[in-house]
Amino acid sequence: MKIRLKLHPPFLLILILICIFSTPAVSQTEEDLQAREETYRKLELFSNVLSIIQENYVEEIDTNRAIEGAINGMLLSLDPHSAYLSPENFGELQEETQGSFTGIGIEITVKNGKLTIVSPIEDTPANDAGLQAIDIIVKIDGQWTEDISALEAIKKLRGPKGSEVTISVQRQGWEDLRDFTLVRDVIPVESVRALFLENGIAYTRITNFQSHTTEEYLKSFKDLQRSRKITSVILDLRNNPGGLLNQAVSIADLFLESGLIVYTKGRNREQNMVFQAEKGGTVTEFPLIVLVNEGSASASEIVAGAIQDQKRGLILGTRTFGKGSVQTIVPLQDGSGLRMTTARYFTPSGRSIQAKGIIPDVEIAFVPNSSPDEQETNGSIPTREKDLPNHFENNSSVNSSVPPPPDTETQQELTPQESIMLSRLRQDNQVQTALSILKGVSLLNKK
């Protein structure tokens, strides 16, 4: 069978480039020339294969989709973090790093195989419609959510501003499902949350590193300082997948007075960068504990690694993810982009955490729903007087002649979302362990 090749303009351009660059430069070595010629032969082969598929495949193919697939396959063959971003995916990435997206305004997770609302975001369509934490989303636009991933669900719930999405919700106490038709809107994503746990111990959480994360963190921290005296800080980086390198550096800089934060090494000289802490960090004088787990990756590991190597604070939790590479986003002319690994990063002591992760100073696994009272009574052996059979009850009243200690701290006012978060933190054994350590440090300092 004689195959007729049908070359389209992009592939004619490839062949023209082959002809132009096949003339060797004087400075090139023989090995360089051979490698380049081999590359051109493969490009010509690619052009021929695509032309054969166009003419002979059982169904007419989408050429653009085939080319995008080839580009994506090429990048995925390099490492798990390099990828081709379609115009749609590139736009979503830009939205997320800028701190907003278009959707209905809920945080979701898959719990026991069911798509569950973690919490609605304040002043969003979901919150205004009355959706609540622990509500189960059974359907999205009539499609069952059984066996759906959280990522797939997020994609279905997002869409253009003003468009509608209908979700069917199951709630404890309801006999039947109830449908909510919501109009999508621009949802601001707050990457920082902050509140007091007790006794001046500030709990701060960074969910990912966006373009305004440092600015948000400073504002939240100063708001706490104005309401009450801060004695120590917990920085929660658990399940933080990373984000922008410059934001990780500036967050670490808040906690450090001086010294190295991180440095990168790449193939090209311009990828070799060194980041130093500048004098005058905002959060330098407070005892610090950083919470990490296997979901803490990339930018989170940069912050944790700098604090650990500089001996600025205690790292508590479980071993981190181990992503020690830096990706550069390269925009392309058609609105798509390339996410390409361009360097490795190293902690101040010269550690590469690639595929190793950061080992916490205090390793403690997360135990779901573990309140202090539940931990005390766990097991069959009584450990306190109140657990012994026939123990005396404490019926004594407070001596009215002894005044209670003065309340020098103002009561913090919490939003409904913050109240839910505080209740959840009281059941979080890793947070409670950090809290106990910091309270102990405070007592030692007083003595």
Side-chain angles (χ1 to χ4, degrees), residues 122 190-207 212-238 240 247 250-259 261 277-292 303-304 306-308 310-317 361-362 364 371-372 398 402-447:
E122 276 193 289
E190 295 183 4
S191 63
V192 176
R193 296 171 185 174
L195 50 78
F196 279 107
L197 291 177
E198 57 178 84
N199 299 328
I201 298 176
Y203 170 85
T204 61
R205 170 159 174 75
I206 299 177
T207 57
H212 303 295
T213 295
T214 305
E215 180 183 337
E216 288 179 19
Y217 191 91
L218 274 172
K219 182 181 181 303
S220 297
F221 190 83
K222 289 178 179 178
D223 287 344
L224 288 181
Q225 275 185 315
R226 279 192 288 269
S227 65
R228 189 186 301 181
K229 180 182 178 182
I230 295 176
T231 59
S232 50
V233 178
I234 295 173
L235 173 61
D236 192 347
L237 298 178
R238 293 175 299 175
N240 182 326
Q247 292 297 305
S250 56
I251 285 291
D253 195 13
L254 295 178
F255 295 93
L256 300 171
E257 277 285 359
S258 61
I261 294 174
E278 297 180 3
K279 193 172 183 179
T282 307
V283 200
T284 55
E285 68 269 30
F286 305 103
L288 172 68
I289 291 182
V290 181
L291 302 180
V292 297
V303 175
I307 289 171
Q308 188 178 56
Q310 296 282 15
K311 304 187 186 309
R312 167 63 185 88
L314 202 64
I315 311 299
L316 186 149
D361 302 306
V362 179
I364 177 171
S371 68
V398 177
V402 180
D407 184 9
T408 58
E409 296 181 345
T410 58
Q411 186 72 24
Q412 63 176 328
E413 296 182 5
L414 300 177
T415 66
Q417 192 174 7
E418 288 173 335
S419 297
I420 293 171
M421 183 170 70
L422 185 59
S423 176
R424 192 181 304 132
L425 293 174
R426 286 172 178 157
Q427 305 293 321
D428 188 322
N429 67 301
Q430 291 175 325
V431 171
Q432 293 304 312
T433 301
L435 182 63
S436 297
I437 293 172
L438 291 173
K439 287 164 73 173
V441 169
S442 177
L443 287 172
L444 284 172
N445 287 339
K446 287 179 182 179
K447 290 183 178 297

Under 3.5 Å, side chain of [X] to main-chain N/O of [Y], donor-acceptor pair present?
X    : Y    : answer
T433 : N429 : yes
S250 : Q247 : yes
Q430 : I364 : yes
E257 : T284 : no
D253 : A277 : no

Looking at every non-hydrogen atom in both residues, tell me the closest pair between [X] and [Y] and how far apart they are.
X    : Y    : value
L195 : M421 : CD2-CE, 3.1 Å
V441 : P287 : CG1-CG, 4.3 Å
R312 : E285 : NH2-N, 4.2 Å
I307 : G313 : CG2-N, 3.5 Å
I201 : T231 : N-OG1, 3.9 Å
L218 : T282 : CD2-OG1, 3.5 Å

Using side chain to side chain contact (heavy atoms under 4.5 Å, CB included) as the criterion, point out the one residue from T204, I206, V192 that pairs with S220.
V192

Could you tell me whether the side chain of [Y] reaches within less than 4.5 Å of the side chain of [X], counting heavy atoms only?
X    : Y    : answer
V303 : L235 : yes
V431 : R205 : no
F255 : V290 : no
L254 : F221 : no
L438 : I289 : yes
Q308 : V292 : no

Separation between [atom1] of [X] and [atom2] of [Y], rounded to the nearest 0.5 Å:
X    : Y    : atom1 : atom2 : result
I251 : L237 : CD1   : CG    : 9.0 Å
N445 : S232 : CG    : OG    : 9.5 Å
I234 : L316 : CD1   : CG    : 9.0 Å
Y217 : K222 : OH    : NZ    : 12.5 Å

Please check if atom CD in E278 has more than 12 non-hydrogen atoms from other residues, nucleotides or ligands closer than 6.0 Å.
no

Residues in side chain to side chain contact (heavy atoms under 4.5 Å, CB included) with K219, at least two apart?
D223

Which of these, N240, T213, T214, sits in a side-chain hydrogen bond (donor to acceptor under 3.5 Å, both in side chains) with S191?
T213

